[in-house]
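All heavy atoms count here, side chains included; hydrogens, waters and symmetry mates do not.
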Amino acid sequence: MAQRIRASEIKLVKALRQIRRRAPLARILVMDYLDVVPDHGCYPTLPATDEDMAYISAKFRQLNKMVHRAARRGGAEVVNTYRQSAGHDLCQAPQVRWAETYGPSANDPAVGVPAHPNAAGARAQAAYLLQHLRDTDPDVFR
């Protein structure tokens with residue numbers, strides 16, 4: 001998995017540079033992954049061992065570091081959703097978590113896709129994106 005993450009960095013940098021070539025005046029934003037994969041299991045909500053979850057959580061952090069590096073190398077800004085999403089991981093109550101394990105989602109009617117944002121997570125990411133724009137360019141909404 002680490003090799004695939006490293007290989008993806010090259011692809012992401014190329015994609016960002018291609019965007020820059022095609023739209024030289026564009027403001028390119030890259031959003032990282034939410035902090036939704038805990039470093040421990042929480043059976044039966046998350047039917048995995050502590051060891052497995054520690055590994056998967058480490059890979060998600062490695063993936064986020066890669067996204068940040070690729071954004072810098074590719075000339076993009078990072079909207080950091082990881083740091084701001086602590087406490088909303090897969091082991092939290094259905095009304096608190098911002099990603100799902102499997103089965104129906106309690107946030108909005110939907111089927112959960114493991115470790116992917118649910119409706120609450122997507123709304124939070126959108127809010128972080130808008131706040132990033134307000135913080136970095138206060139005139140953007142005028």
Side-chain angles (χ1 to χ4, degrees), residues 1-20 22-23 25-142:
M1 193 176 294
Q3 290 174 343
R4 289 184 174 161
I5 291 170
R6 282 191 298 275
S8 295
E9 182 173 351
I10 296 165
K11 294 174 186 177
L12 182 53
V13 170
K14 285 181 181 180
L16 293 170
R17 289 178 178 167
Q18 186 67 257
I19 293 168
R20 176 65 61 215
R22 292 178 183 207
L25 301 178
R27 184 173 181 190
I28 305 168
L29 302 174
V30 173
M31 190 174 296
D32 63 5
Y33 290 88
L34 296 167
D35 182 12
V36 295
V37 179
D39 62 358
H40 59 279
C42 50
Y43 187 85
T45 302
L46 189 57
T49 67
D50 288 346
E51 182 181 40
D52 287 342
M53 289 312 300
Y55 174 80
I56 295 167
S57 179
K59 293 301 139 190
F60 264 80
R61 287 191 305 277
Q62 183 182 6
L63 183 62
N64 264 348
K65 287 178 184 177
M66 178 277 288
V67 167
H68 284 248
R69 277 192 316 271
R72 278 192 308 274
R73 291 178 55 206
E77 297 173 52
V78 174
V79 178
N80 190 323
T81 66
Y82 182 87
R83 180 180 53 232
Q84 301 179 72
S85 60
H88 297 279
D89 62 72
L90 297 170
C91 288
Q92 301 306 313
Q95 306 84 341
V96 176
R97 65 179 173 241
W98 286 355
E100 296 301 334
T101 54
Y102 58 89
S105 173
N107 280 274
D108 283 344
V111 174
V113 177
H116 285 75
N118 57 28
R123 283 191 291 273
Q125 286 181 305
Y128 294 147
L129 172 67
L130 292 174
Q131 190 60 52
H132 176 86
L133 291 171
R134 285 185 194 99
D135 291 346
T136 57
D137 186 359
D139 295 327
V140 73
F141 294 106
R142 289 184 192 202

With side chain to side chain contact (heavy atoms under 4.5 Å, CB included) as the criterion, how do N80 and H68 come out once you've worked through the C-alpha distance, each side chain's angles and the decisive distance to 0.1 Å?
CA-CA 9 Å; N80 190 323; H68 284 248; 3.8 Å; yes

Output the distance between atom OG1 (T101) and atom CG (D89), rounded to the nearest 0.5 Å.
11.5 Å

Measuring from Y55:OH to T49:OG1, what's the distance to the nearest 0.5 Å?
12.5 Å

Taken in chain and number order and not counting sequence neighbours, the residues that satisfy side chain to side chain contact (heavy atoms under 4.5 Å, CB included) with H40 are P38, D50, C91

Nearest atoms (heavy-atom pairs only) where L90 meets E100:
CD2-O, 3.1 Å

Is the closest side-chain donor-acceptor distance between R61 and S57 under 3.5 Å?
yes

Under the side chain to side chain contact (heavy atoms under 4.5 Å, CB included) rule, collect the residues that match up with Q84, sequence neighbours excluded.
Y128

Could you check whether any side-chain N or O of N118 sits under 3.5 Å from a backbone N or O of R97, counting only pairs where one atom can act as donor and the other as acceptor?
yes

Which heavy atom of A71 sits nearest a heavy atom of V78, and at what distance?
CB-CG2, 3.4 Å

S85 side chain to D35 backbone, donor-acceptor under 3.5 Å
yes

Ignoring hydrogens, what is the shortest heavy-atom contact between M66 and S8? Give both atom names and the distance.
CE-CB, 3.9 Å

Ignoring hydrogens and angles, tell me if any N or O in the side chain of R20 forms a donor-acceptor pair with the backbone of A26 under 3.5 Å.
yes

Within-4.5 Å side-chain heavy-atom neighbours: V79 and Q125:
no

Output every pair passing salt bridge (charged side-chain N to carboxylate O under 4.0 Å, His left out) with a member in residues 76-85, not counting sequence neighbours, ordered by first then second residue.
R27-E77

So how far is it from D39 CG to E51 CD, rounded to the nearest 0.5 Å?
13.0 Å

State which residues pass side chain to side chain contact (heavy atoms under 4.5 Å, CB included) with Q18; sequence neighbours excluded, sorted by chain then number.
R21, R22

Residues which pass ring-ring contact (aromatic ring centres under 6.0 Å, His included) with H88, listed by chain and number, not counting sequence neighbours:
W98

Heavy atoms of V37 and A115 approach each other most closely as CG2-CB, 4.2 Å

Side chains of K59 and Q62: any donor to acceptor distance under 3.5 Å?
yes

Keeping R69 on the side-chain end and E9 on the backbone end, is there a donor-acceptor pair under 3.5 Å?
no

V30 to A76 - nearest heavy-atom pair and separation
CG2-CB, 3.7 Å

Side chain to side chain contact (heavy atoms under 4.5 Å, CB included) filter on I10, not counting sequence neighbours, yields K14

Which pair of non-hydrogen atoms, one from Y33 and one from L63, has the smallest distance, and what is that distance?
CE1-CD2, 3.4 Å

L29 and L133, any side-chain heavy atoms less than 4.5 Å apart:
yes

